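Encoded as C-alpha cells, the structure appears first; notes follow it.
Every value quoted in this text rests on a predicted model; they were computed, and no experiment measured them. These values consider heavy atoms only, across backbone and side chains, with no hydrogens, waters or symmetry-generated copies.
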Amino acid sequence: VGAGTTLPSVDDHQPRSTYDPVADAAYIYLRGDIPYGAVTRSRPVPIASKGSSIIVSYDDSGIALGVEFLGCSRQFTPEMIEALSTAETP
C-alpha cells in the first residue's frame with residue numbers, strides 16, 4: 001500500500017461486487033474499494049470447472065482484499081450473476 005494509503009479495518013469493511021458481462025467475470029471486494037497499488041499478490045484457487053477460474057487478491061500483509069471469478073456463466077446460475085451485478089455497498 002502506498003504512503004498515506006490505508007485499507008479499511010476488518011471492523012468497518014464494506015463488501016461489494018461487480019460483474020462484467022463482456023468478460024464474464026465478477027469481482028467481490030472484501031474490504032470496500034481497493035486503492036491503486038494495494039494488491040501485491042494474486043493467487044489462483046484450483047477448481048474443477050473447465051473454463052472457469054477463481055483468483056484471490058492479497059495486500060502485502062497477506063490480507064485477502066478481493067476474489068475474482070472468471071467464467072461466471074459456467075459457475076453460477078443467471079440469478080446469482082444478476083445478484084452480483086446489482087449488489088450495492090450496504
> Do Val67 and Phe76 sit in the same hydrophobic cluster, where Ile, Leu, Val, Met, Phe, Trp and Tyr count as joined when their side-chain heavy atoms come under 4.5 Å apart?
Replying inline: yes

> When clusters are formed by joining ILVMFWY residues with side-chain heavy atoms under 4.5 Å apart, either directly or through shared neighbours, do Ile55 and Ile63 land in the same one?
Replying inline: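 Looking at the clustering, Ile63 is in a separate group from Ile55.
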
From [X] atom [atom1] to [Y] atom [atom2], the distance as rounded to the nearest 0.5 Å:
X: Ser85; Y: Met80; atom1: OG; atom2: CE; answer: 12.0 Å
X: Leu84; Y: Arg16; atom1: CG; atom2: CZ; answer: 12.5 Å
X: Tyr29; Y: Ser17; atom1: OH; atom2: OG; answer: 9.5 Å
X: Arg41; Y: Ser57; atom1: CZ; atom2: OG; answer: 10.0 Å

>> Please list all pairs meeting side chain to side chain donor-acceptor pair (under 3.5 Å) that have one or both residues in residues 63-75, counting only residues at least two apart or in different chains.
In response: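 Counting only pairs at least two positions apart or across chains, the side chain to side chain donor-acceptor pair (under 3.5 Å) contacts touching residues 63-75 are Asp24-Ser73.
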
> Salt bridge check: are Arg31 and Asp59 linked by an N-O gap of less than 4.0 Å?
Replying inline: no

Minimum heavy-atom separation for [X] to [Y], with atom names?
X: Ala25; Y: Leu70; value: CB-CD2, 3.6 Å
X: Gly66; Y: Tyr27; value: CA-OH, 3.3 Å
X: Ala64; Y: Val56; value: CB-CG1, 4.0 Å
X: Cys72; Y: Ala26; value: SG-N, 3.4 Å
X: Gly37; Y: Thr40; value: O-CG2, 4.1 Å

> If we only count heavy atoms from C-beta on, is the Ser52 to Ile47 side-chain gap below 4.5 Å?
Replying inline: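 They are in contact (side-chain heavy atoms under 4.5 Å apart), so the answer is yes.
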
